[in-house]
Amino acid sequence: MVSETESQAAGLSLAGHLNADQAASNTDKALRVSCAIEGTAHNGVNDESKEPSPQDMFDVKIQLPSGEFVDIQVSSKELVQEIIQVLMEHEDSCHRTCFSLQFEGNVLDNFSELKSVEGLKEGSVLKVVEEPYTIREARIHIRHFRDLLKSLDLTDAYNGVDCSSLSFLNSISEGDIGDSLCHETNGKKKKRQFSDQGLEAIDCSPPEYILPGNSERPLQHLQPISCDNKSTQCLKSMIMSGWNPPPGNRKMHGDLMYLNIITMEDHHLNITASNRGFYINQSTAEVFNPKPASPSHLSHSLVELLNQLSPAFKKNFFVLQKKRIHRHPLERIATPYQVYSWVAPNTNHIIDCVRAEDAYNSRLGYEEHIPGQTRDWNEELQTTRELPQVLPTDLQLRQRATFKINSDFVGASTRGAMAVIDGNVMAINPGEDTKMQMFIWNNIFFSFGFDVRDHYKDLGGDHAAHVAANHDLKGVQAYSDLDIEGLYVLGTVVLDYRGYRVTAQSIIPGILDRKEDQSVVYGSIDFGKTVSSSVKYLNLLQKSCKPLKIMKHAVLNEKDEEVTLCSSVECKGIIGNDGRHYILDLLRTFPPDMNFFSLKEEETKREDCKLSFPKSYRHKLCSLRPELIDSFVQHKYAQFMKLVIDKTQREELRPSNGHTPESQEIDEKLDVDVVREVCREVGSVLDYMFDIRFNPDICSTVVRFPDSQTEANQLQKRLLSEAAAFLLTVQIPTYIKGCLNHVVVPMDGKSLTEALHFHGINVRYLGTIAEMICQEEEQQTLDHVYRTIIMDIVTRSARRILHHYLQGVEMSALSMAVSHFLNCFLSSYPNPVAHLPPDELQSRRRKGKKKLRPLENGDSTSWTSMTPSDLWKQINEKAKDSFDFTLLCDSVDQLVEKFKLQKVSLLREFCTKCGIQILLRDYNFESRHKPAMTEEDILNMFPVVKHIHIKAKEANELVNKAQISIQQGFLKQGVILLNEALVQFNGIYGAIHPEIAACLRLLARVKFILGDITEALDNQQKAVIMTERTLGYDHTDTIQDYVLLAHYCFASGQLPVSLKLLYRARYLLLLISGEDHPSMATLDSNIGVVLQAVLECDLSLRFLEKALETNKKYFGNKSLDLALSHHLIALAYTSKAEFRAAMQHEKETYTIYKALLGDFHEHTKESSAFLKHVTQQAVNLQRTMNEIYKNGSMATLPHVQIVPPGIETLLQQLNIINGIIKINRSKIDGENTVNPKEAKPNSPDSSPENPLQESAMQIMKPKEVTNENGNKTQSQEECDQSLKQKEGTDEQNGNSAKNNQGDPFLDGSTAQL
């Protein structure tokens, strides 16, 4: 990886010794470093995106110590340090780390901008000067040397360290996409034409396991590694010598440290790292003789030294460099947050001195590389919040620093939490019970998610404590987003690891020196029994009341005195020793969910009683999501405006007394009265204007309210009941309706959860949604949603059981315990037996001689008694308890058969939820003769991390503006805005981030419409790699990105690559959700069309007929999707000269188009013409056959035309399938789409440059057109009716047979934004 070594080389940290400008400038350097070799733009986007002025950009020459020159393009605004990092990655100078840059004999300051260097201009020469080493610089050089040797090694990515992650795009495409960005041709891209590749040379046969109807789901192919990506071994080993550290007399000679290296020729070298460089000494394993050998081969870098000593090293390092340079730059950049893989192959554990040193040193923020000791996380987090934000540059700098610090804090918290649970950190209260222990590591405070002092006794005990950490994190996110000046929140991370929930927080200065009751100046430490308040805190928190919809309210303290609060009573205000005002314990930031609070009998009568609400729940901390609050307030506002208008109109109908001043005064008074009356009706907390707010303490059993609050409390209970009913009667039906219309297409548990949260629906409603789906008339259309919900309920229930199960397992038995659990959970083997390790049995016999680990509870071997029947009984109980859903499944086989689930999908879902990594191999879960898994199959356990997200607000606003411009047909303006957004994203997030991927995806589509296929391909390739590396190589967005990249590859003539990408996408979708999914129809249609292009019609028909079957099930017999499938099959049959079959399918297409679009629609006309052509060919063919049968001659008969569809025709079909062109299906389109013909005449975009451009505004409709209230969504019948009314409209307003608003392949570009 690039970032770690480079940041250390520069001494990069946001600790106090660096000013903010220096610190924040480090986040976007990594991609510039990696791209330097290829000569591409360092900001990860096109050169046009930054649009620097000519005087800002110029070329300089870098003279290396060897005398060679390197030409690079620089900007006057860049730092000297960035040039140094470029050189540390360049092929000719990557082996150097300890050097400075000189210009005209003057050493340049690393943190000065180039514009400050006097006399620096176009063509200037900067000289690389080797500097003497220090111990710090020598360590950095060794680490960098190790990183170069491991640049192709995926071990760090498999192990989830140093923000390494996996990307397999290069392996899938075999480096063929866009000629691999043409690294060998200095970035000049050549568009490869289809005609350049002979059809016979194209291997298009798909793997057997992805063919339609195949039930095999092999895991082995999930992580394909090509030969080019395999690491090349340059050394057998490199370790720190046992003679370290140098004795005093050798320090006086400049010795810094000693290394032992074994070359590939099996030569043992003892190397001294000195101030002057590296050389061979005369020491051996038994004798210490540090004097230089003869010859010593003194070199300034290890690479130069070993090139002289080992021919094998020289050869292999050269090959390694070529492979490293060939990789895409984005594959080598560290991600902002660690991404873990749930499967990994067996890897060889090799000797690595850097890894060993890291493991046995504390690595507390790399304290050996920064002044001082550990980092003061709280000071760094709060200082970045205090940076100025007056100018746009100040704002970007502040956001960049905030994001960088948060990313570092999450990484440090993750390492600390794992160390705590592994038992490697001493508790600060070791004498107390295990659950009550707290820890401090690297200036971060860690606590367990247990009810330690009966704080949550009345709220659900440990269940409440567990969920309180999540709620607190949501509160921290809410207040962090508000960014109120003077109000501070703690850095917070919540982790689940090995069955434990840990909360990591930054430490308030001075809080450890005071008792809790002495520290809190606002709020309560006992859930409301004693309450205090502060004028300063009230002033600060009052600023958050309006955006968070929190009602300012009064409560009684222990002295029966009224205390005013602007938050929940649990929210604590503490003034730190630094004078800052902190708030913490934000678990009740959002109002309670009345559907899960049992109130008095008279209050339980609800309109939605048919759904059996309110229900009891395992804890009393159920709250509404912020998305639901926003939707509910919008709903109430619409209700408010409607009532005001109705009542005002009724008043106007009354007879008036003319326009006298008295009558005007009466009218004004009536208007005021109307507003007051309506405010009371809708539940506004103010009687003169609309204002909906909630009291978060209203359901507390401890908090007491003064009598003056009685009326307000009754109003609050009414509002909360209405909000809870709104969730059940509006939001959930809207979600189901979205699924029916394929606006929402969940594939796995994560996409399901994201869609639910978007609608403001909590996961605990999964059982309710499943029950409502069962009552739908079109239940078959929702099969995929129902299956995904069942899978999520089962895996979440099993996760709860596993967490409790793992808390009693010793470390030595962890892999056996997890494999036994997975066998009980997924294997058909009826009696899996858990085998204890031999020493475990002995230790049980010697009871009392060996203490259990501090975190273990109860009997450490109780897990061995679990059986499949016991586990599935518990899963049924948890499903009922948590989701109010009755599974009625006694085994996994019964579950799979009853709900048509896949065991491999359950395995993936469960492992990702629980942080389990298993061996990459094929598992036979169906065997009834032996267990599917052994202890050797469990490779690792990773933490599941939750943290706040820092948003690039200005960049997202630019993306929204770009979407609007694209909708209106102003494509070039949209491209400019997207490029500006990319610059902003790169400036804040660095080189790689999911939001950058989404922006690149959108830009690629617009570039494709404008006809710039090369740029579309380049941007989409970057999007795929970013998505793989930041979200996961098997994430649902990755599938979508593969399909779009395949589309652009097809358009550029790269048919074999297009097929490989589509096969990969189908394989991933098969693993995630199986073949019976509506998105599979889109994939199969893509594959079928591309196979037609390579004249594999029989194979093409297999996929197209499967797509037809899927479309028929999920879209109905009279849908445009089905019409398109019939048309594609007709094209395939035409290529085979089977005109009769083609005619039958095209008849279906014509019938559907005529019914839905009318006789005069362009698609209906095209279908009619094609049907006539096919019919005529069928007749001609039959006559020909008859004539041959009779006379053996066909001279006088019309010629039968067998012409396969051309590439342009097939590309047009792909444009329709993937939503590049589409038909207006509802009023939504009519309201939100501006015809290009109506655009401003003087606009450069008013005249389309190609046929696709006029359809541009219909590509990327933002998801916002269907808001979370669902008020704009139409039924299928309404859509069809509106289509019939569009007869005769021109093709550009409706040129597609694909309604793709919800298909994740089609509108995902904007769904992510």
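Side chains are part of it too, since the values below use all heavy atoms of this structure and drop only hydrogens, waters and symmetry mates.
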First locate atom NE2 of H466, then atom NE2 of H803, and finally report the distance between them rounded to the nearest 0.5 Å.
6.5 Å
Would you indicate whether K457, at its atom NZ, is surrounded by more than 12 heavy atoms from other residues, nucleotides or ligands within a distance under 6.0 Å?
no
Please name the pair of heavy atoms, one in P592 and one in I698, separated by the smallest distance, quoted to 0.1 Å.
CG-CG2, 4.1 Å
Of the non-hydrogen atoms in S631 and Q731, which two are nearest, and what is the gap between them?
OG-NE2, 3.7 Å
Counting only heavy atoms from other residues, nucleotides and ligands, does the tally under 6.0 Å from NZ of K620 exceed 12?
no
Flag yes if more than 12 heavy atoms outside D454 fall under 6.0 Å of its CG atom; otherwise flag no.
yes
Under the 6.0 Å and 45° cation-pi test, does K913 pair with F910?
no
Would you give the length of the straight line joining atom OG1 of T589 to atom CD1 of I583, rounded to the nearest 0.5 angstrom?
7.5 Å
Between D560 and R704, is the closest basic N to carboxylate O distance under 4.0 Å?
yes
Of all the heavy-atom pairs spanning G767 and F885, show the shortest one and how long it is.
CA-CB, 4.0 Å
May I ask you to test the V489-L584 pair for a side-chain heavy-atom distance under 4.5 Å?
no
What pair of heavy atoms forms the shortest contact from G1074 to H1077, and how long is it?
O-CB, 4.1 Å
Checking R501 now: which residues fulfil salt bridge (charged side-chain N to carboxylate O under 4.0 Å, His left out) with it, not counting sequence neighbours?
D496
Taking all atoms of both residues into account, what is the closest heavy-atom pair of D451 and Y456, and its distance?
OD1-N, 2.9 Å
Heavy atoms of other groups near E432 CD, more than 12 under 6.0 Å:
yes
Any donor-acceptor pair under 3.5 Å linking the side-chain atoms of S882 with those of Y617?
no
Using 4.0 Å as the upper bound for N to carboxylate O, is an ion pair formed by E561 and K559?
no
Criterion salt bridge (charged side-chain N to carboxylate O under 4.0 Å, His left out) on D881 and R800, from CA distance to verdict
CA-CA 11 Å; D881 179 39; R800 280 188 59 201; 3.6 Å; yes
Using side-chain heavy atoms (C-beta onward) and a distance below 4.5 Å, is V785 in contact with L740?
no
Are the charged groups of R453 and D433 less than 4.0 angstrom apart, N to O?
no
Backbone N/O of A770 and side chain of Y786: donor-acceptor pair under 3.5 Å:
no
Rounded to the nearest 0.5 Å, how far apart are CD1 of I875 and CG of D890?
11.5 Å
Taking the side chain as everything from C-beta on, heavy atoms only, tell me whether M772 gets closer than 4.5 Å to P733.
yes
I would like to know whether F825 and W872 meet ring-ring contact (aromatic ring centres under 6.0 Å, His included); could you show each step before the answer?
CA-CA 7 Å; F825 180 40; W872 278 96; 5.7 Å; yes
Assess the residue pair F445 and F439 against the criterion (ring-ring contact (aromatic ring centres under 6.0 Å, His included)); give the C-alpha distance rounded to whole Å, side-chain angles, the decisive distance to 0.1 Å, and a yes or no.
CA-CA 6 Å; F445 178 79; F439 305 82; 9.0 Å; no
Is a salt bridge present between K636 and E681, judged by a nitrogen-to-oxygen distance below 4.0 Å?
no
With a 4.5 Å limit on heavy-atom distance, are the side chains of F613 and T768 in contact?
yes
If you measure from CD1 on I769 to CD1 on I761, what distance do you get to the nearest 0.5 Å?
5.0 Å
Under 3.5 Å, is there a donor on one side chain and an acceptor on the other for S751 and D748?
yes
If we ignore hydrogens and angles and just use 3.5 Å, is the side chain of S684 paired with the main-chain N or O of D691 as donor and acceptor?
yes
Assess whether side chain to side chain contact (heavy atoms under 4.5 Å, CB included) is satisfied between R764 and F596, documenting all intermediate values.
CA-CA 10 Å; R764 60 179 170 271; F596 293 92; 3.4 Å; yes
Under 4.5 Å between any side-chain heavy atoms of V763 and H757, yes or no?
yes
Side-chain donor-acceptor pair present, D593, Y765, cut-off under 3.5 Å:
yes
Rounded distance [0.5 Å steps], CD1 in I736 versus CD in Q775
9.0 Å
Taking distance alone, no hydrogens or angles, what donor-acceptor pairs closer than 3.5 Å link side-chain atoms of residues 471-479 to residues at least two apart or in another chain?
| from | atom 1 | to | atom 2 | distance (Å) |
| --- | --- | --- | --- | --- |
| H471 | NE2 | L621 | O | 2.8 |
| D472 | OD1 | L586 | N | 2.7 |
| Q477 | OE1 | H949 | N | 2.7 |
| Q477 | NE2 | D481 | OD1 | 3.0 |
| Q477 | NE2 | D481 | OD2 | 3.4 |
| Q477 | NE2 | H949 | O | 3.1 |

Going from SG on C824 to OH on Y805, what distance comes out if it is rounded to the nearest 0.5 angstrom?
6.5 Å
Assess the side chains of R796 and T753: does a donor N or O sit below 3.5 Å from an acceptor N or O?
yes
Please table the atom pairs, donor to acceptor, closer than 3.5 Å between any side-chain atom in residues 544-555 and protein atoms at least two apart or in another chain.
| from | atom 1 | to | atom 2 | distance (Å) |
| --- | --- | --- | --- | --- |
| S544 | OG | L541 | O | 2.6 |
| H553 | ND1 | M551 | O | 2.8 |
| H553 | NE2 | N695 | OD1 | 3.4 |
| H553 | NE2 | D697 | OD2 | 2.9 |

Whether S533 side chain and T564 backbone form a donor-acceptor pair below 3.5 Å
yes
Before you tell me yes or no, could you show the steps for L715 and R680 under side chain to side chain contact (heavy atoms under 4.5 Å, CB included), namely the whole-Å CA-CA distance, both residues' side-chain angles and the distance that decides it to 0.1 Å?
CA-CA 9 Å; L715 174 61; R680 284 195 298 273; over 6 Å; no
Using a distance-only test with no angle check, is there a side-chain donor-acceptor pair under 3.5 angstrom linking S891 and D893?
no
Which heavy-atom pair separates F446 from A504 by the least distance, and what is that distance?
CE2-CB, 3.5 Å
Between T795, I1072, T788, which is the residue that forms a side chain to side chain contact (heavy atoms under 4.5 Å, CB included) with E909?
T795
